[in-house]
Amino acid sequence: MAATGLHFGWLRRVPLAMALLALAGCHTAPINVDSARLIADELDGRNWAAYGRTYSEHHASPLRQIDRRNVEELGLAWSLDLLGVTNGATVPLAIDGIIYLTVGQSIVHAVDARTGRLLWRHDPEVTKVAKRKLRITWGPRGIGYWEGKIYVGTTDGRLIALDARDGRQVWSTQTVDPDNELTITGPPRLFNGKVIIGNAGSEFGANRGYVTAYDAGTGKQLWRFWIVPGDPAEGFENAAMEMAAKTWTGDWWKFGGGGQAWNAMTYDPAYNRVYIGTGNGSPWNRKVRSPGGGDNLFLCSIVALDADTGEYVWHYQTTPGETWDYNSSMDITLATITIDGRPRPVILHAPKNGFFYVIDRETGKVLSAEKFGKVTWAERIDLATGRPVEVPGARYEEATALVWPSTMGVHNWQPMSFNAQTGLVYIPTLEMASLFDDRGIDPKRFGMQSTKLNTGLAMPVGDAPPDAGKSALLAWDPVQQRAAWSVPTPGLWNGGTMTTDGGLVFQGQSDGRFNAYDAATGGQLWSFDAQMGITGAPITFEAGGQQYISVVVGWGGSAPAFFGSLAAQHGWQARVHPHRLLTFVRGGRARLPDTPPPQQVKPVDDPAFVVDAGKAQSGGVLFAERCIVCHGLGAVAAGYAPDLRASALSLDATAFQSVVQGGGLEIAGMPRFEELGAAELESLRHYLRARARGAP
Ligand code: HEC
């Protein structure tokens, strides 16, 4: 039902689609014509068949039934509880009246868009096979669609194709070594009958990033592009790697190098290229991985590759010599904007480092770049060289430095959207500093596989106060390179945006509000209490002639990890507040099922437990390296996993051991830490007791 009988409006739009295909040199095999046109068509908003809706990744829709004047009539059509899942940071698809989404450990759902009835559910049973990879949580932000198949990546590194009609697996391929730290977190992208996927995990060990393209029909590998150079003694894969190696120093390959393409990838039909947004260095600290300095290509860059062969075409590095966990894995948005009186095909890119870039798509040359938030690591981008003018001291040359933006960036992966009518880009921004401190770091510790947070910096063991950061929804004019409007948003970690030709911008927020704003002015026009924080981005589509809007409700991503009380202030609790798929329509009157209100954790205690300060301190370091990614900075959890200060189970040494070391809850997503001995488990318990009693 899902895949057969698709009837697209592209017939009306053939000139545009044909023009794009002509530019692409007709690389598209006949069998893929429908999907190619579906994803190319900017003007037919009935479906949302790719992560950013179309190849251009605008996260925008031409639909206008719901507009500025009537958006106040928007109401809930239905909601669907997504049972037994943790991560809800995801963007759905909607094709021919069916919504497809992945949540939690890559569990794919197909849902009737008009009624909310679950049609099928596919569980790849990640927790049974992921082993150590289960320790890394930031899983999948979206899925792909091509010719009747849904594509999803998993934490254990499988890329899986499912039959869109019934969810049956068509093929599955292992894209990363099952025993290293690489996982999949990003959505697959589809073009020309190919599916491309990257990976993540540079924080957790000595890993080298790459992207791989597979045949969408069979799963057969077509090409692979490595993002950083490997050991020169083994020879380089291609001339691009040989060039990149000249920008590294020391024995970088022993540290993996990193550069993982963990999120943004964009196919450009006009040039038949894929643009890869590459990640941070591994480890983060350049002094460790490349001690003699160097730009360290292709970290923190956009790399353009030939879509047929995966060959290097050009690159633009946004942060040469990356050392702050900045990366260019944020949206790579295609647009044509007027510069100096003529239309130019450009990339719009707002990466973590806080500069908004307009880049020439043909050549990769940066045309303009301005700060779109608080930035102290660089003064400006020199357009003659394309390079940042850095601020002395920002590289923590003297061992410490307080730098804006933080490792979370001014903009993280949550999608920005581009509205061609207003000409504005809507960016969920955040403002926070990080203290970079590498005193006492032993570089020898980092050249290995570890599955521990492995940044080359001192690990934070304390909490982050609720006012440690702030956030805003920013409307940015890419031509003038300045803000058009900005509205404050709650906390730090808010959802991606979606914009429509109805003159609207939608965004879900950390306090559980799902809001609509006037795209031109930022005036708030509508708001719905979703009763749980929202991290993913909404979509819109048409079914039975009606415009619908859908969003997945549920915290996710790294918010519950690194922000402690800054994230916990919203009161979302794991295993208490359900994740849901919500769908809205004009005149909708459905109500959400009863949901517990936001609540703060009440620590439990055993007064007989005597805390040993030394053990608590070493337990704090263990916790920071292994547990904060789910249980929260300073053991203050914010909704991904239970708050261990309030865990009765943790009070019992035997139960604690059976869960943490024995893997007793592995099936529920709590990884096994088999390497921890009795003394280490003991020190973790001392740390948790100290934190439960409010020790700093
Ligand atoms: C990848 C995410 C992740 C990491 C990393 C992680 N946990 Fe967990 N943990 C979970 C989840 C999810 C649960 C809840 C499972 C369930 O639904 O019962 C959990 C549950 C627990 C529980 C049981 C709590 C209770 O009251 O039921 C304990 C104890 C625990 N974790 C300790 C740890 C410790 C100690 C570490 C670090 C050594 C750690 N966890 C690392 C995800 C994680």
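Note that ligands are numbered from 1 as they come in the structure, with each ligand's atoms numbered from 1 the same way.
Aromatic ring centres of H631 and Y640: separated by at least 6.0 Å.
For the atom pair NE2 of H579 and OG1 of T90, the computed distance is 10.5 Å after rounding to the nearest 0.5 Å. Taken from OG1 in T400 to CZ in F436, the straight-line distance is 11.5 Å, to the nearest 0.5 Å. The distance from atom NZ of K128 to atom CG of D123, rounded to the nearest 0.5 Å, is 8.0 Å.
For a heavy-atom separation below 4.0 Å, the residues in contact with ligand 1 are L134, R135, T137, R575, R626, C627, V629, C630, H631, A641, P642, L644, S647, L649, S650, F656, V659, V660, L665, A668, G669, M670, P671, F673.
With sequence neighbours left out, the side-chain hydrogen bond (donor to acceptor under 3.5 Å, both in side chains) criterion links D156 to T154, R158.
Remark: R141 qualifies as a cation-pi partner of W413 under the 6.0 Å distance and 45° angle criteria applied to the six-membered ring.
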